[in-house]
Number of protein chains: 2
Amino acid sequence: MLTERQLLILRAIIDDYIQTAQPVGSRTLSKRDDLSFSSATIRNDMADLEDMGLIEKPHTSAGRIPSEVGYRYYVDHLVETKIIDERETYRLGERLRASAQESEVLIRQAADLLSDLTNYTTVALGPNSQMNRLARIDLMPLDERRGVVLIVTDQGHVEHRTVVFDSPMAPDLVEQTIRFLNDRLKGTPLGQLKFRIGEEVAKLRLAHQEQFEFMMQLIQSTVEVQHPASLYLGGKKNIFNQPEFQTLDTLRPFLEWIDEQERLTDWLESLPNREIYVSIGSENGIVALQNCSVITSDYTLDGKTFGTIAMIGPTRMDYRHGVQMMGQIIEALRRTKLEE
Amino acid sequence: MLTERQLLILRAIIDDYIQTAQPVGSRTLSKRDDLSFSSATIRNDMADLEDMGLIEKPHTSAGRIPSEVGYRYYVDHLVETKIIDERETYRLGERLRASAQESEVLIRQAADLLSDLTNYTTVALGPNSQMNRLARIDLMPLDERRGVVLIVTDQGHVEHRTVVFDSPMAPDLVEQTIRFLNDRLKGTPLGQLKFRIGEEVAKLRLAHQEQFEFMMQLIQSTVEVQHPASLYLGGKKNIFNQPEFQTLDTLRPFLEWIDEQERLTDWLESLPNREIYVSIGSENGIVALQNCSVITSDYTLDGKTFGTIAMIGPTRMDYRHGVQMMGQIIEALRRTKLEE
DNA sequence: GATTAGCACTCAGTAAATATGAGTGCTAAT
DNA sequence: ATTAGCACTCATATTTACTGAGTGCTAATC
């Protein structure tokens, strides 16, 4: 267990290191107003903290830097998660709503805003359209054999795909199939389209034996429309200002990793479903993010569960500020009503 | 005017430097099979080439490197633009068509392919939808006051926007307005929508005095649908392998510039309309691309003018190979038919 | 007159040698 | 329990010397 003074010292080391990115020495600490002990005393406590694995030294004659364990202790014991500054949240909400009422734009703004507030890089996973319900399917003919399948969801989300048919389209057959699809599938979550259609197809086969081929092709195409989750990156440039990313060896893996949209999406989707979650250094298990910490949170917009937002900075990140800003943003989003 | 030998030497210097990224000395050159002169002779010619501004030395005791003027001469006199390897073009075409028949996917593949072939970064500006003609407008209601405006073009391109109305939608009024818009605007290039609508509105005002407000709002929304040109980046990572971008000072401006989608689009659109155009070093006038050369070309797909593709590498880029690959790719695209 | 051999000179890059100073751990005094 | 004092460590900066690739010029050669 840590003594009062050791706690004070640990906190001072981390706060200092977060600000300066330089190892912190005992003399520097003893000069602080809130630590009125001699440097020798502090040195003794520092040795103890090091024995406990909370801090470490880069080399013999440097000061101490927090270890991952130290950061973990700091985050778990010394950072308050749930302080919402009402006025600030309101202001953030206003800034968000000023930009748009379209959800995808709103999320992008939120990512940008969060990265502006913290100077870290943010990633936001937009509405997962798998959960959206089908509002309408339509086929828009382009020429004899090509058309665009349109899928609109109850959230105003639109997806589409160009289809080329083996044979020319017969207008009434198209209309018939479209009506069939709309009748049977309206309200189905997109993620379940494929499954639901399977159930209906058997019935269809009996009713329209001869035109079955064509219908099947259209149905098939509908199912194959991709439902990509929308991904937004905010403040990618911020990484350039972090002292720990001033060398190519550290910068390159990060940039290569963050540019891989698909992997990024998978990662965000794989995160535990929580309100605010901090992952420190190697905890995240991603090689390219070894020296990064991540603050993630699911968010809701207009009351509905929506997606995930993440904030990525160096392990030496300002956890207190980061967690606070993240809290404010997701609270501001929660309070945002979409219409008007 | 350059002597035969000077030309040989200039060419050798540039070829060598392109490969090694190291200043080329006279002794190195004299050891080449195609230059059977003594190093002293070569030194004399090098001095002349330097006087003419075609090459320069980084410092007294280094070899020579090509100047921008030198590269320009090289590109204008020593690179053949129009050699199409039929078999290779065919192979590239096959690789492209294998991936998709949807134009946007195809362009993305082309950008990726080109960057794979050259190890440079590529940017492709997709179909400029401004030129696409309107095939259909529709409004899909979401609830009482919200709906999605859908715009489909003759090329199968889809754009959309969520609209919030001041007052609830009356179904027949919506239908009436949609029909009006479709009747009057079908076939209009998207770029001219705004202008064309202006002409029609006056007539509409007379005919439907009382519901004019609502109709106007819908029309307004239609016009405001954005027509973003689609932009694809290929091989961004390649830059990391270029020796001239191994330092943050050079890397950072490049990466920051290339990540700015909007600016990138503007830039591509502002390029002169040509088949294949090479811009060397500071010629491009972009500070972040001072040390880069760019090979750009407009391309056509399925016979129709389509967009622009650009290849960005260090000034010390392999112009011959780059120009050739660019030629092959746009030729492969030109020969690609979209249907089937 | 064109080419080449020879030589003094230049200068980036590297390596070894030295100095600096921030910080530590330990011991003895308070 | 705290603190002053001191020897010790080690990354970093500075100096110095060395190396070698490459040049420009001059004089000899073809």
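- Rounded to whole Å, atom P of D:dT2 lies 8 Å from atom CG of A:D45.
- Base-pair partner of C:dG23: D:dC8 (Watson-Crick or G-U wobble, both distances under 3.5 Å).
- Annotation: of the two residues near DNA chain C, B:R43 and A:P23, the 5′-most nearest-nucleotide partner is B:R43.
- Phosphate contact (OP1/OP2 of D:dG24, side-chain N/O of B:K57, threshold under 4.0 Å): present.
- Ranked by how close their nearest DNA chain D nucleotide is to the 5' end, B:N44 and B:S61 are led by B:S61.
- Atom C1' of nucleotide D:dG22 and atom CD1 of B:I9 are separated by 15 Å, given to the nearest angstrom.
- Distance alone, capped at 3.5 Å, places no donor-acceptor pair between the B:N291 side chain and the B:G281 backbone.
- Not one N or O on the side chain of A:S67 forms a donor-acceptor pair closer than 3.5 Å with the backbone of A:E56.
- Put simply, the side chain of A:R316 never gets that close to the backbone of A:C292: no donor and acceptor are under 3.5 Å apart.
- If you take CD1 of A:I42 and C1' of D:dA1, they are 15 Å apart, rounded to a whole angstrom.
- A donor-acceptor contact under 3.5 angstrom links the side chains of A:E68 and A:S282, judged on distance only.
- What separates CG of A:D16 from P of C:dA22 is a distance of 16 Å, to the nearest Å.
- When distances run from any side-chain atom of A:A40 to the nucleotides C:dT4, D:dT3, D:dT2, the shortest one goes to D:dT3.
- Within the shown strands, C:dG1 is the pairing partner of D:dC30 under the Watson-Crick or G-U definition, both distances less than 3.5 Å.
- A sub-4.0 Å separation between OP1 or OP2 of D:dT2 and a side-chain N or O of A:T41 is absent.
- Minimum interatomic distance between B:F245 and B:T250 (heavy atoms only, all atoms of both residues): CA-OG1, 3.5 Å.
- Rounded to a whole Å, the NE2 atom of A:H59 is 9 Å from the C1' atom of D:dT12.
- Here B:R64 does not reach the OP1 or OP2 of D:dA21: none of its side-chain N or O atoms lies under 4.0 Å away.
- Regarding A:M46, its CE atom lies at a distance of 15 Å from the P atom of C:dC26, rounded to whole Å.
- The nearest whole Å value for the distance from the CG atom in A:L49 to the C1' atom in C:dT24 is 15 Å.
- Between A:S26 and C:dT24 there is a side-chain N or O to OP1 or OP2 distance below 4.0 Å.
- At whole-Å resolution of the value, CG in A:L29 and P in C:dG23 are 10 Å apart.
- Partner assigned to C:dT30 is D:dA1, using Watson-Crick or G-U wobble distances below 3.5 angstrom.
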